[in-house]
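To keep things clear, I will list the structure first and then write my remarks on it.
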Amino acid sequence: MNHKEKIGREIINILLIFLWVYAAFSKALNHHAFVWQIRNQELWPVLKELVIRLLIPAELTTAFFLLFPRTRRIGLMISAFLLIIFTIYIALVILHFFPRVPCSCGGILEKMGWKVHFFFNVGCLILNITSLLTEKERRCAAK
């Protein structure tokens, strides 16, 4: 892997760290609204409570794992998983699968329309997968 590819991978990782820290803190800073919005989602009650209890810690843990080369691969896998889940949810919203949809996003993401948010997530997922593939190459080259 050349120097430009390494820099590109690091920039992607920094962007993903920023995304997860921003997402977690925007929910935490307005936690009451976050909880209200999740409880008003069209989800099973047990799933709602799991999301309320685990989403912010999962986002922060993902960012933490992305910080360090030794844990970056698992961080990228968790990040991709979260992005896939969120993107599927947004696609279902766009396809009017749910009768009502209170947005549980925070900050800037809350201001996006659903279609813009969908493409934002797809772009983040593409960057995430790109970084994951280059991380795999890095690990193979190191062996």
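All values below were derived from every heavy atom in this structure, side-chain atoms included, with hydrogens, water molecules and symmetry-related copies excluded.
- Counting only residues at least two apart or in different chains, side-chain hydrogen bond (donor to acceptor under 3.5 Å, both in side chains) contacts with residues 58-68 comprise Lys27-Glu59.
- Using a 4.5 Å heavy-atom cutoff, the side chains of His31 and Ile56 are in contact.
- Here the CZ atom belonging to Phe68 is positioned 15.0 Å from the CD1 atom belonging to Ile74, to the nearest 0.5 angstrom.
- Taken to the nearest 0.5 Å, the CD atom of Glu10 stands 10.5 Å off from the CG atom of Leu66.
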List the atom pairs, donor and acceptor, that lie under 3.5 Å between side-chain atoms in residues 77-84 and the rest of the protein, sequence neighbours left out.
residue : atom : partner : partner atom : Å
Ser79   : OG   : Trp20   : NE1          : 2.8
Ser79   : OG   : Asn128  : OD1          : 2.4

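- A distance of 11.0 Å separates CD1 of Ile12 from CG of Leu132, quoted to the nearest 0.5 Å.
- Separation of atoms CG (Leu16) and CD1 (Ile11) is listed at 12.0 Å; rounding is to 0.5 Å.
- Interatomic distance, CD of Glu5 versus CZ of Arg9, reported as 9.0 Å (0.5 Å rounding).
- Heavy-atom minimum distance, Val51 versus Phe34: O-CZ, 4.1 Å.
- The aromatic rings of Phe120 and His117 stand perpendicular to each other, their planes meeting at an angle above 60°, with 30° marking the opposite boundary.
- For the side-chain hydrogen bond (donor to acceptor under 3.5 Å, both in side chains) condition, the pairs that include at least one residue of residues 44-57, sequence neighbours left out, are Arg39-Glu49, Glu49-Arg53.
- Leu29 is not connected to Ile52 by any chain of hydrophobic side-chain contacts under 4.5 Å among Ile, Leu, Val, Met, Phe, Trp and Tyr, and they are in different clusters.
- Each of Ile94, Leu92, Thr87 was evaluated against Ile90; a single residue qualifies, Ile94, per the side chain to side chain contact (heavy atoms under 4.5 Å, CB included) test.
- Checked against ring-ring contact (aromatic ring centres under 6.0 Å, His included), Phe98 has the following partners two or more places apart in sequence or in another chain: Tyr89.
- Counting heavy atoms from C-beta outward, Leu125 and Phe86 have side chains that stay 4.5 Å or more apart.
- Between Thr130 and Ile126, some side-chain heavy-atom pair lies under the 4.5 Å cut-off.
- Residues satisfying the side-chain contact (heavy atoms from CB on, under 4.5 Å) criterion with Leu54, sequence neighbours excluded, are Leu50.
- When side chains are defined from C-beta on, Leu76 does not count as touching Phe65, because their heavy atoms never get closer than 4.5 Å.
- Contacts of Leu95 classified as side-chain contact (heavy atoms from CB on, under 4.5 Å), with partners at least two apart in sequence or in another chain: none.
- The minimum heavy-atom distance linking Leu19 with Cys124 is given by the pair CD2-SG, 4.1 Å.
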